[in-house]
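When a ligand or atom number is given, it counts from 1 through the structure's own listing order.
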Amino acid sequence: MTLQFSLASAAPETAETPCVVVGVYENGLLTSAAARVDSAAGGAIKRQVESGDISGKAGSTTVLFAPEGMHAKRVLVVGLGSQKSFDAARFQKVCMEATRALTRLPIDSAVSFLADVEVPGRDSAWRLRTAALAADHAAYRYTATFKPREKSSQPELTSITFASDEQARTGLDQAIAIAEGVRFARELANLPPNICNPAYIADQAVQFAESNEKVSCTVLDHEEMDQLGFGSLLAVGRGSANHPKLIALEYIGGASDEKPYALVGKGITFDTGGISLKPGPGMEEMKFDMGGAAGVLGAFIAAVKMGLKINLVCVVPAVENMPDGNSYRPSDVLTSLSGITIEVLNTDAEGRLILCDALTYTAQTFQPKAMIDAATLTGACVIALGKHASGLMSKHDDLAAELLSAGETTLDRAWRLPLWDDYQTQLDSGFADIANIGGKNAGAITAGCFLSRFTEGQRWAHLDIAGTAWDEGRKGLATGRPVPLLAQWLIDRAG
Ligand code: BES
Ligand code: MN
Ligand code: ZN
C-alpha cells in the first residue's frame with residue numbers, strides 16, 4: 001500500500017481525523033499548532049510538558065488519546081528539539097519519526113501540521129515536499145519476498161493530509177512524483193539478484209515505457225552489443241548465465257529537436273568480484289551493486305511523473321559479474337566501444353568496465369547536454385566519505401556546483417573529490433591504453449579518472465554512491481539515493 005498525500009487548510013482543533021500531528025520544541029516551547037491544540041484541550045499538552053512526559057526531544061513522540069475539546073481522536077505530539085538549532089536536517093528527521101509513530105497506531109489517516117513549522121532558509125513548498133518525502137520514506141516496507149501475511153483487522157496508515165498554504169502545492173506535486181521514483185529505486189534494489197537480474201531490469205524499463213506515451217525504450221541484448229563492439233561491458237558478463245542487457249529509456253518532454261540530458265547507472269545485478277573473487281562475509285550486500293541503475297531509473301520516473309519540460313535519456317548497462325570457465329580474467333586486454341584498450345588487473349573493478357561502454361554509447365547516440373552517471377563504484381569512496389555523502393567527481397565546475405546544490409536542497413548530499421590529471425598516471429598500463437585499477441591510493445578518484453577517459457568532450461559528472469545507496473547491516477534497505485538529488489537537478493534544469 002502506498003501512502004496518499006493531500007494538502008488542505010485545516011485548524012488543528014477542528015480537523016476531523018483519527019490523528020492530528022503537531023510539534024513542540026524543547027523547554028516547553030509550543031509551535032502555533034500545538035498551542036491551538038493546547039488551548040482547545042484545556043492545557044493537555046502543557047500539563048504533560050510540566051510533568052516531563054513530553055520532553056520535546058528531537059524525534060520523540062507522545063500520543064494524547066481522545067483529548068477533550070478536540071475533534072480529532074488523537075494528537076501525536078512530536079519533539080522538535082531546541083528551536084535555536086532547528087534546521088532542515090532536523091525537520092526531515094522529525095517528519096520521519098512522526099510517520100513511524102503514525103504507522104504504529106491503529107489508524108488509516110492523519111492530518112499533520114509539521115509542514116507549518118518554520119525552517120531557516122526554506123520556504124513552504126520545500127517544507128511540504130520534504131515532509132511528504134520523509135513520510136513516504138518512513139512508511140516504506142519491503143514485502144516482496146516474504147510469505148504473505150494474513151491481513152490484520154487493524155487499519156493501516158494510507159493517507160496523510162498536510163495543513164499548509166496553497167503556494168506550497170508545487171512542493172506536494174513534486175514530492176508525489178519523486179516518492180514514486182524513490183520507491184521504485186528502493187524496491188528494485190532490495191529485490192534479490194535471482195529475481196532482479198539484467199532481463200528483469202530491462203522488463204521493468206519496457207513496462208514503464210509502455211505505460212507512458214512520451215517514453216520509449218530500447219534494449220540491446222548481448223548479440224547486438226557484440227556487433228556494435230561493446231568489448232568491455234560484454235567481458236564482465238561472460239561468466240554469467242544471465243546475459244547482459246543495455247537499456248535506454250527516452251523521454252520527450254521538451255521540443256523534439258532539443259538535445260537531452262542523460263543519466264547513466266551502474267547495473268551490476270550481483271558482484272561476486274568474478275575471478276578476483278570477493279571474500280564471503282558481506283558478499284550478499286553486492287545485490288545492491290545495481291543501486292546506480294535503480295537510482296537513475298527512479299530519477300527518470302520522477303522526471304516523467306513531474307512532466308518536466310526537458311528531454312531526458314536514461315541508460316542502464318545491466319550485467320552480472322560471476323566467476324566461471326568462461327569468465328574474463330586478470331591480464332585480459334579488452335577493446336572498449338570507444339576503441340580504447342583496457343588491461344584488466346582486477347575483475348572486481350567491473351563497474352567502470354560496463355560504464356565506460358555505456359557512457360561511450362550514450363555520448364555517441366544522444367549527444368547529451370550533460371551526462372551524469374551514478375554507480376556503487378568503490379569501497380574507497382565509503383572509506384573517504386562514509387555513508388552520508390555521495391562522492392561527486394567532475395571536471396566541470398558549473399555542473400559540479402549544480403549537483404552539489406541539488407544535493408543540499410534535498411538533503412541528499414554529495415561532496416566533491418578532485419579529478420586532477422595528477423592522478424591519471426596511476427592508470428598507466430604496459431599492455432594496453434589504460435589499466436582498470438589505479439593502486440591503493442585514492443581509489444574513488446582513480447575510478448573517476450578511468451571514466452573520464454571515456455567522456456572527453458562531454459559535460460559529464462560522476463556520482464559514487466557506494467556508501468549512500470543502502471543502509472548498513474542485516475536488515476539494511478536500499479535508500480533510494482540519489483533519486484532526490486538527480487530529480488532536483490532535473491527540476492532546476494527545466495527552469
Ligand atoms: N561494487 C564494488 C564497490 C563496492 C564495495 C561498493 C563495497 C559498496 C561496498 C566494486 O565493483 C568493487 O568491487 N570495487 C573494488 C575496486 C578495486 C578492485 C579497485 C573495491 O572498491 O574494492
Ligand atoms: Mn566489483
Ligand atoms: Zn561492483
Side-chain angles (χ1 to χ4, degrees), residues 189 193 196-198 201 232-233 235-240 244 264-295 316-323 327-332 342-358 373-391 393 417 423 426-429 434-451 462-473 476-479 481-482:
C196 181
N197 56 33
I201 300 183
S232 183
L233 184 157
V236 175
R238 256 191 4 231
S240 174
V264 179
K266 172 178 173 182
I268 293 289
T269 60
F270 194 72
D271 182 12
T272 63
I275 296 302
S276 313
L277 193 64
K278 284 184 182 295
M283 200 200 279
E284 70 284 353
E285 288 196 304
M286 286 299 116
K287 73 168 184 178
F288 293 119
D289 211 18
M290 35 59 73
V316 167
V319 185
E320 189 175 43
N321 186 21
M322 296 285 271
S327 286
Y328 78 133
R329 25 177 132 49
S331 77
D332 277 0
I342 304 164
E343 183 188 14
V344 177
L345 291 176
N346 189 320
T347 63
D348 196 11
E350 84 298 337
R352 61 198 79 182
L353 296 176
I354 66 166
L355 283 170
C356 67
D357 279 356
D373 78 76
T376 51
L377 205 58
T378 64
C381 191
V382 194
I383 302 296
L385 298 173
K387 306 221 30 110
H388 303 291
S390 302
M393 283 150 262
L417 301 172
Y423 295 98
Q426 286 181 240
L427 296 170
D428 287 352
S429 161
I434 186 174
N436 83 325
I437 56 172
K440 71 173 169 33
N441 293 343
I445 294 171
T446 53
C449 285
F450 181 94
L451 298 178
H462 160 59
L463 284 168
D464 193 329
I465 59 166
T468 53
W470 72 91
D471 288 326
E472 242 162 350
L477 289 174
T479 58
R481 293 177 69 180

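Taking every non-hydrogen atom of Ala466 and a distance limit under 4.0 Å, the qualifying atoms of ligand 1 come out as 6 (C), 8 (C). Each of the atoms 19 (C) of ligand 1 lies under 4.0 Å from some heavy atom of Ile437. When each atom of ligand 1 is checked for a heavy atom of Lys278 under 4.0 Å away, the hits are 12 (C), 13 (O). Heavy-atom contacts of Trp470 reach the following atoms of ligand 1: 8 (C), 9 (C) (cutoff under 4.0 Å). Near Glu350, the atoms of ligand 1 lying under 4.0 angstrom from a non-hydrogen atom of the residue are 11 (O). Under a 4.0 Å criterion applied to the non-hydrogen atoms of Gly379, ligand 1 contributes the atoms 3 (C), 4 (C), 5 (C), 20 (C), 21 (O). Remark: ligand 1 atoms within the under-4.0 Å shell around heavy atoms of Thr376 are 1 (N), 2 (C), 3 (C), 6 (C).
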Criterion side chain to side chain contact (heavy atoms under 4.5 Å, CB included) on Glu350 and Asp271, from CA distance to verdict
CA-CA 8 Å; Glu350 84 298 337; Asp271 182 12; 3.1 Å; yes
Under the side chain to side chain contact (heavy atoms under 4.5 Å, CB included) rule, what do Tyr328 and Val236 come out as? Steps first, then yes or no, please.
CA-CA 7 Å; Tyr328 78 133; Val236 175; 3.8 Å; yes
Which is it for Leu277 and Met283 under the side chain to side chain contact (heavy atoms under 4.5 Å, CB included) test, yes or no, and what are the steps along the way?
CA-CA 10 Å; Leu277 193 64; Met283 200 200 279; 4.2 Å; yes
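Defined by atom type and a distance below 3.5 Å, a donor-acceptor pair is present between the side-chain atoms of Thr376 and Asp289. Judged purely by distance below 3.5 Å, without hydrogens or angles, the side chains of Thr378 and Asp464 pair a donor atom with an acceptor atom.
With a 4.5 Å cut-off on side-chain heavy atoms, Met393 and Leu377 do not count as touching. No side-chain heavy atom of Asp373 sits under 4.5 Å from any side-chain heavy atom of Lys266. Side-chain contact between Thr347 and Ser327: absent, with no pair of heavy atoms (C-beta onward) separated by less than 4.5 Å. With a 4.5 Å cut-off on side-chain heavy atoms, Ser429 and Ile434 do not count as touching. Annotation: side chain of Ser232 is not in contact with side chain of Asn436 (no heavy-atom distance under 4.5 Å). Side-chain contact between Arg329 and Arg238 is present, with heavy atoms from C-beta onward closer than 4.5 Å. Using a 4.5 Å cut-off on side-chain heavy atoms (C-beta onward), Asp357 and Pro317 make no contact. Phe450 has its side chain out of reach of Leu355: every pair of non-hydrogen atoms, C-beta onward, lies at least 4.5 Å apart.
Considering only non-hydrogen protein atoms, atom 10 (C) of ligand 1 sits nearest to Leu377 O, 3.3 Å. Taking atom 16 (C) of ligand 1 as the reference point, the nearest protein heavy-atom neighbour is Arg352 NH2, 3.9 Å. From the protein, the heavy atom lying nearest to atom 9 (C) of ligand 1 is Met286 CE, 3.6 Å.
Relative to atom 13 (O) of ligand 1, the option among Leu353, Asp348, Asp464 with the closest non-hydrogen atom is Asp348. Taking only non-hydrogen atoms, the option from Asp271, Asn346, Asp289 nearest to atom 18 (C) of ligand 1 is Asn346.
Counting backbone and side-chain atoms alike, Glu350 contributes an N/O/S atom closer than 2.8 Å to the Zn ion (ligand 3). With a cut-off of 2.8 Å, the Zn ion (ligand 3) has no N, O or S atom of Ile268 in range.
Nearest N/O/S atom of Asp289 relative to the Zn ion (ligand 3): this is OD2. Taking the Zn ion (ligand 3) as reference, Asp271 places its N/O/S atom OD2 nearest.
Residue contacts with ligand 1, taken as heavy atom pairs separated by less than 4.0 Å, do not involve Glu285 at all. Of the heavy atoms in Lys266, only side-chain atoms (C-beta onward) come closer than 4.0 Å to ligand 1. Counting heavy atoms under 4.0 Å from ligand 1, residue Ile268 does not touch it at all.
For atom 22 (O) of ligand 1, the nearest protein heavy atom lies 4.0 Å or farther away.
Within the sub-2.8 Å shell of the Mn ion (ligand 2), the protein contributes these N/O/S atoms: Asp271 OD2, Asp348 O, Asp348 OD1, Glu350 OE1.
Looking at Ser390, its side chain never comes within 3.5 Å of a backbone N or O of Leu463 through a donor-acceptor pair.
Here the shortest heavy-atom pairing between Leu417 and Ala444 reads CD1-CB, 4.1 Å. Heavy-atom minimum distance, Pro193 versus Thr269: CB-O, 3.4 Å.
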